[in-house]
Each structure stands twice: as structure tokens, then as C-alpha cells.
Amino acid sequence: MIITGRWERNSYTVIRSLGQGGTGKVYLVRAGDGSLRAMKVSADLTGITHEHRMLTFLNRRAGPNRLGAIPRVYELDDFQEGGTVYHYIITQYCPGKNLSKYMGRLGNGDAAAIGLQIIESLELLHSSGLILGDLKPSNVLYEPRTKRVFIIDYGSVSVKGQNLKQYTPGYDRASWGAGSRIADEKFDIFALGVLLAGLLLGEVRRPQGDGLAKFVNQAATGIRHAKLRDIVIRALRQDISECGEIAGVFSDIMTDTAGCESRETGLFVGVVGAASVLAFIFSLAYYYQ
Amino acid sequence: MLSEKVLKQIIVITDGHSNQGRDPIDAAREAKEYGITVNAVGVLDTGWMGSRGRQEVEGIAHVGGGVCQFTAAEDLGQTIYTVTTQLTRSYSQLIFNRQLRQKTGAGLTSLSPAQRAALVPLLMKLEEEIEMDVVLVLDTSGSMIKKKLALEESLAEMMICLGHRMGTVKLAIVQFPGPAGNGCLIKPWQLNNARTSLILRAVTFGGPTPTGPAIEAAVTLLLPDEAVVSRRADYEVGTVV
């Protein structure tokens, strides 16, 4: 199937479906110049125009090389099918799988890498007076080979102080009885806390009664890495009001775990090296005997 | 125009199909003729709802011009909130389109995406400002008893969400069946009242499922007095029995 935009007249060949979000469907498409792109299609004019507006703003704000987990956005256009006008956003194709497939299955270093990329994007939003609002695993794509992360839904982005319209109970502090749904930085950081806990401990179940106290306890006993545990607990208790406070910690954890791995590698090289030198000496000794 | 900003809607919440009184789809069609949107939410029992009930829920929303959703009882609050959000969104587009056509002769989709982008903040502001008269038509037949706690929590959550809106929300609950088994008990308008769940706590569950008559009762609550004098008289006779 080929879709041609009503305004820009660009054509896209639909290759396959990439998934379905709350507001629309996402397809992998090939643009006229042969490049792969993602196409998000929706009949909700307000919603998709808002999302495009937010993405365009963030793209401009970050500049092309500092986008991080925010996809590059190309255009917003319409097409008509069966009497209905559909709207679509063309963005960069973001490889990877839904983060919900990795819950409880990643190491500390990977979790920190994911946390850092998300927190950097949140920092960009927050410094512009915007709140993401609906951060959850199914809105995040992760590619394990490159460890690259993309946040793929911006329909929920709100100006700080506004009433959030789109949220998911498990990741929303109000559902946990821990605050309002008025957009602020801590709302996003709380959701990141739940997400990280889920990455380290497995999928989070919906709160019931005094759920949060229990959940914090679970995180406190379950997460073995001290720095990650500290971040998760502080995020859930809403002790962190700025992303900048924890971005550095994520980097530290990544260097720690990377250092750990390279120390092990170093030791391995050392042992093998020493063994081969010994073998060489022995063989020389044997030769000159 | 201010009166244009009042969105009148009925949200039918049920876990089964009607078994008493008028056909609910017929009642929903009539409500639509009065300019009232009828939405329907099917509450799933461990992920399941019978095909007859499912078809009825879809039918009510279809002829009522509203949104149809199926959900677990725990997620009901969010689902109702999503339904109202979708409705205010399409309603604000409708009002905006009408005004735009009057001024320029063309609607939103005839504007380029860039021109629309400039208007979207206005559209979203309008969504927040739309006033809503909402009647929840709540199934309290026997099978809903085990969902009572989840219903209470969900409705309290929904009230918190709606309370943050800029436009006023008037909410009433029509319970079916009423204590007499037939007809419906009407909970009066609750203005942004967080005690809705407390009202629900006192409600007794059990009996048949007169969905159609309950929708009729909701319509009489939403219509201006003069339009329903005769209808209301009929209805009151019905409930006294």
C-alpha cells in the first residue's frame, strides 16, 4: 500500500505494522528516497497535531545531535480513506522492542543506561516547562545490541501545572495514592522510579490499598545494587525534584559496571598472558636443554 | 456561545444484558435525538462478557453516538475518564469547526497542518473549558456485587480527574434496578463531589437489569424541564410502583 500526503505530496510505501498505541497505529514505511521511517496514523486531529507540535519543538530545542531518546520528526500530513480523513506523523524509524518485554530481565548496567537516556530526555522536556506524563515500558523502545532507547509517545506531553489527560494507573502517582495528576517534574520521575523497579524486579502490579509502602519495601529488599536502589526509592518517595540530581548517578553506575567488566577482562588477559610467557620460557628451556 | 459548551452525556456501565423493560438500544437512539450522547462501558468479569451483553453495549454506544469501551472493574475510573476525554475532544472540534465555517467558510481539515498547529492550543483549552452534565447509569444487579469495591475506588478516582477540569462538571448517578426491583433510583446531581463513592457504599445490589428504563430516567435528568414535563410524569409513575 502506498500513501501520498495531501499537502506535501510525499509518498510512503507501507512495509508492516509496528504496533498500536492509545491514539493510533504505527507502521514501518519506506520514503521516496528509499529511507525507512515510522508513520503514526490517527483520526484524532487535535491529538496528533499536538504530538507533532511537541516533537517539533523538542527537535528544535535539542538540535540534531542531542536528541537522545527523542525520535527525529519529519512531517505531519493527511490522507483520505473511505470518507475519513486520517492524519500521520513521519518520524525516524526507531529500532528495538517494547521495554515491557525486558521487565526483570536486564542487568544493572543496562538498567542504568536506559535510566540515563530517559532522564536526559526528561531533563530536556522539564527545562522547557513540559512534562511527559505517560512514561511506561510500552512507550519506550529498547534495542539490546546498541542499548539505544527511544520514547515513542508524546501525545500526553503537558505544560507544567496542567491537568494530565493521559496516564496509566501502574505508573501514575495518583493511582498509588501519592499525589495529584497536575503535571510536575516529580510525576515523571515517579513513573521512572516504577519503570526502573520493574526493569530490575519484574513487571509491576496495579496498586491496591497501601500499595506504595509495600512497593517501596519490595524495592528496598529486592534491588541489590545500592545506587540503583537509592534512586528508585527516592523517585517513588518523590524526593527527587530535578532530573539533574540523578543523571550523574546513572553515568557512575554505568562506569562502575563497565569498569567491573573490564577489570575482569584485564585479569583474564593477565592470566593468559602470564601462562603463555611461562610456556614460552619452558619451551625455550626445553629447546636449550 | 456558552450554551454550546455544555456537553450532555450518559455513560451506561453494565456487566450483562438487559432483561426488563424497554430495549436499551431504542432508548439510546431516542436520547441521541434529544442531543444527548450515550456511551457504554462493559465491565468484564475476569476478562469475559457474554456475547449478548457485548452486542448490547456496542449497540447502545453506536446509536447513542458515543464511545464504547470494555474494561476490568479496577480500571473503570480510568476508562470513564478516557471516555469523557475523547468526548470533550471531539466536541471541541465540532464547536470549533462550526465557528470556523461561519467565519471562513471552511473547516479544520481544509487548513494546512501548519495552520492547524497554531490552533491546537485553542482547541485543547476549549476541551478543558467545556461544561459537562454527566449521568452515570450504573448496573447494580446481582452480578455487580463482587465489583462493588472496585467500583467505589474507580468512581472516586474519576471524580478527582474530573474535578481538575476548568469547566464545571455536574454528575448524577442513576442506579438500576432501584430498591423496588423495577424502575430506577436517582442520585441527585453531585457538583464536583468527591463523596460519590460514599454514596455508592450505601447502595444495595441485586435484582434484574432494566437498562432501557434507566437510560430513559437519565434522559429526563439531562433535558431542560419544559421538554420533559410529560415524560417525567410518566417516569415517576413508573418508579413509584
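Note that this is a predicted model, so its numbers are computed, not measured. Labels below follow one simple rule: chain letters A, B, ... track the order of the sequence lines, proteins then strands, and each chain is numbered from 1.
With rounding to the nearest 0.5 Å, the separation of CD in A/Gln162 from NZ in B/Lys125 is 11.0 Å. If you take CD on B/Gln78 and CD on A/Gln166, they are separated by 9.0 Å, rounding to the nearest 0.5 Å. A distance of 7.0 Å separates OG in B/Ser110 from CZ in A/Arg6, rounded to the nearest 0.5 Å. Within the model, atoms CZ of B/Arg89 and CG of A/Leu45 stand 9.5 Å from one another, a figure rounded to the nearest 0.5 Å. For the atom pair A/His50 NE2 and B/Leu123 CG, the distance stands at 12.0 Å (nearest 0.5 Å). Within the model, atoms CD of B/Glu74 and OG of A/Ser175 stand 12.5 Å from one another, a figure rounded to the nearest 0.5 Å.
Counting all heavy atoms, side chain and backbone alike, B/Ala117 lies closest to A/Thr49 at CA-CG2, 3.6 Å.
Within 6.0 Å of the NZ atom in B/Lys148, the count of heavy atoms belonging to other residues, nucleotides or ligands exceeds 12. Summarising the local packing, CZ of B/Arg54 is surrounded by more than 12 heavy atoms from other residues, nucleotides or ligands at distances under 6.0 Å.
For B/Tyr81, the part sitting under 4.5 Å from any heavy atom of chain A is the side chain, from C-beta outward, and nothing else. Only the backbone of A/Leu164 comes within contact range of chain B, with heavy atoms under 4.5 Å apart. With a 4.5 Å cut-off on non-hydrogen atoms, B/Thr109 touches chain A through its backbone and its side chain both.
Of the possible donor and acceptor atoms, none in the side chain of B/Gln93 sits under 3.5 Å from a partner among the backbone N and O of A/Asp44.
In terms of heavy-atom pairs under 4.5 angstrom with chain B, the leader among A/Val159, A/Val85, A/Asp78 is A/Asp78. Here B/Pro113 is the residue among B/Ala114, B/Ser90, B/Pro113 with the most heavy-atom pairs under 4.5 Å with chain A.
Within the 4.5 Å cutoff, the side chain of A/His87 has heavy atoms near those of the B/Arg116 side chain. Side-chain contact between A/Arg53 and B/Pro121 is present, with heavy atoms from C-beta onward closer than 4.5 Å.
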